[in-house]
Amino acid sequence: MRKILLTLAFLILSAPVFADVSFIYINGSNNNDEKMKTWYENGVQKLHPVLKKKFEHNSAIKHYYSSLGGLKIKDEPVVFFWGDKSERDLAFVKSQLDVSKAISSSGAYIARSLIAQYLHDAIWVQKTHNMLPILEELNEKIKSEESDDVILYGYSAGTFVTYEYLFNKLRYINLENIFETLKMDDEFLEFVKQNPRKDTCISALSYDYAGIGSVSEAGHIILNQDKEMLKENYLKLDEMTELACAPDKKVRGIVNFASPLVLFYSDLADSDYELNYYNKLMTKYIFENGIFWITVNFREDPLGFPTSRNLTVNEISDRLGLQIENPSGVIFDDSSVWSKRMFAFAHTAYWSAKGTFSKAVVKSFVNGYKFQYDPEYQAKVLKKHSKKMEL
């Protein structure tokens, strides 16, 4: 008996400790009534088991999680639903449409109705006063998950939420560097050096938390002008960081799909937009902290916009003008996936084409890491791109 017990104890102690992973699915636009909420949730329920199986059985992903003994994805998907928050505003738009019905041609009325139905939520959620409460709710959802890691899946306008979450909640703000960039006086910079605080996030700086400053619509961080209060609030930053920011090292990555992100966030290409400086810091943080940002779109999807051309870490570092130290993360786009659906239905086909989509997500994950960290594969891809450019 003793021998059996010792053997069992050995097996238990030597068994791999799997990393528990939760997939959190974030809805898109036109999902604001009960019928569409049910449609979205049913789609997630169909997709999740297929995606889970593809992830858990892929050898490259197993290797990625090997330091943790492997991965075990939660059987149940986690749905984060924000669509109902826009319902009241959309109802107002629809009431105004009803007024216009009597004075418009039927064609114009139908066009307005379609625009309101499909674009209202995407525009609504992009507005800061609507987005920030959603990010707070999502952060609480992530904190409450018992899993070691979470991966966020942003569908359609849900990609705006995943992007804004990374931008506002990741801890890429080094306070000493930020205050130097904002040209604070020497006396305040010396105060910061004498009282170092942890790296923090944009949200923690806000007046809802530490009261350090706020982000203006022009993309500038406007600091609290009361110098003594600014110092007092600065000393509370570590506490506010834990309240406001993403749990440290818990958000492993995001997968955006059916993504119109580029269409609605085109100001990110404007070099004069100050928030792009913080986007650069965020990108550096993603690479240095092993986070992945994958975009997968069906090529037939008229709203599936490629994020950018895939760039090596060195190319990204050059464009950012920042040195990326010991990179381990990935930003990768595959917007060329055949869904074998008509373009009119492709945007909503990620559930029905769940096998094709799941395979594409895993393939993008694997190819993204190979592109960044396998020199032979990277050279092969770059050579292929070079030939296409010549043509």
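Note that the structure is a prediction, hence the values are computed from the model and not measured. Just so you know, these numbers use all the heavy atoms, side chains as well, and skip hydrogens, waters and symmetry mates.
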Verdict with reasoning, L189 to E180, per side-chain contact (heavy atoms from CB on, under 4.5 Å)
CA-CA 7 Å; L189 292 177; E180 285 179 1; 3.9 Å; yes
Between K359 and T356, does a side-chain contact (heavy atoms from CB on, under 4.5 Å) hold up when you go through it step by step?
CA-CA 5 Å; K359 183 178 178 181; T356 300; 6.0 Å; no
Please find the pair of heavy atoms, one from [X] and one from [Y], that lie closest to each other, and give the distance.
X	Y	value
D148	K250	O-CG, 3.5 Å
R171	D248	NH2-N, 3.7 Å
L138	I24	CD1-CG2, 4.4 Å
N139	A246	OD1-CA, 3.5 Å
V161	L135	O-CD2, 3.8 Å
L311	Q372	O-NE2, 2.7 Å

Can you get from [X] to [Y] by hopping between Ile, Leu, Val, Met, Phe, Trp and Tyr side chains that sit under 4.5 Å apart?
X	Y	answer
F257	V79	yes
I316	L382	yes
Y25	I134	yes
L223	M240	no
L237	L182	yes

Evaluate side-chain contact (heavy atoms from CB on, under 4.5 Å) for K363 paired with V296, printing each intermediate quantity in order.
CA-CA 10 Å; K363 184 179 178 182; V296 175; over 6 Å; no
Note: [X]-[Y] ion pair, threshold 4.0 Å (strictly below):
X	Y	answer
K52	E56	yes
K231	E187	yes
K141	E145	no
K143	E242	no

When you measure from the side chain of [X] to the backbone N and O of [Y], does any donor-acceptor pair fall under 3.5 Å?
X	Y	result
E288	E325	yes
N58	K54	no
Y373	G329	yes
S358	G355	no
N310	D333	yes
D238	K198	yes
N233	I212	no
Y172	F167	yes
N256	S259	no
H57	K53	yes

Indicate whether any N or O donor in one side chain lies under 3.5 Å from an N or O acceptor in the other, for [X] and [Y].
X	Y	value
Y277	T181	yes
S336	D334	yes
S335	N297	yes
E41	Q45	no

Neighbour count above 12 (heavy atom, 6.0 Å) for [X] [atom1]:
X	atom1	answer
R299	CZ	yes
F345	CZ	no
N326	CG	no

In this structure, is the centre-to-centre distance between the rings of F332 and F292 below 6.0 Å?
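Judged by ring-centre distance (under 6.0 Å), F292 and F332 do not meet the cut-off.
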Measure centre to centre between the rings of F23 and F55, then say whether the value is under 6.0 Å.
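Distance test on ring centres: under 6.0 Å, yes.
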Give the intermediate values and the outcome of ring-ring contact (aromatic ring centres under 6.0 Å, His included) for residues Y234 and F191.
CA-CA 10 Å; Y234 169 83; F191 170 79; 5.7 Å; yes
Go through the steps to decide whether F188 and F179 satisfy the test ring-ring contact (aromatic ring centres under 6.0 Å, His included), and finish with yes or no.
CA-CA 9 Å; F188 186 83; F179 285 123; 5.0 Å; yes
4.5 Å side-chain heavy-atom contact, [X] and [Y]:
X	Y	answer
K227	D185	yes
I291	Y285	yes
D149	S22	no
L166	M282	yes
I254	Y165	no
K169	E136	yes
V125	N130	no
D374	Q378	no

Not counting sequence neighbours, list each pair that qualifies as a disulfide bond (SG atoms under 2.5 Å apart) and has a residue in residues 152-206.
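As it turns out, the disulfide bond (SG atoms under 2.5 Å apart) pairs with a partner in residues 152-206, which skip direct neighbours, are C201-C245.
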Please report the interatomic distance [atom1]([X]) to [atom2]([Y]), rounded to the nearest 0.5 Å.
X	Y	atom1	atom2	value
L205	I222	CG	CD1	13.0 Å
I294	I151	CD1	CD1	8.5 Å
L71	R252	CG	CZ	10.0 Å
W338	E300	CH2	CD	6.0 Å

Selection residues 343-355 - residue pairs positive for side-chain hydrogen bond (donor to acceptor under 3.5 Å, both in side chains), sequence neighbours left out
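Output for this query lists S156-H347, D301-H347, D301-Y350, R341-S352.
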Would you call the rings of F298 and F357 parallel, tilted or perpendicular if under 30° counts as parallel and over 60° as perpendicular?
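The rings of F298 and F357 stand perpendicular, inter-plane angle above 60°.
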Lys/Arg cation over aromatic F81: K37, 6.0 Å, 45° cone:
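K37 over F81 ring: yes.
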Worked verdict on I26 versus W82 for side-chain contact (heavy atoms from CB on, under 4.5 Å)
CA-CA 8 Å; I26 303 169; W82 57 267; 3.7 Å; yes
Verdict with supporting geometry, F371 and Y377, ring-ring contact (aromatic ring centres under 6.0 Å, His included):
CA-CA 6 Å; F371 177 66; Y377 182 81; 7.2 Å; no
Taking ring pair (Phe, Tyr, Trp, His ring centres under 6.0 Å) as the test, write out the residues that go with F287, two or more places apart.
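With sequence neighbours excluded, F287 shows a ring pair (Phe, Tyr, Trp, His ring centres under 6.0 Å) to no residue whatsoever.
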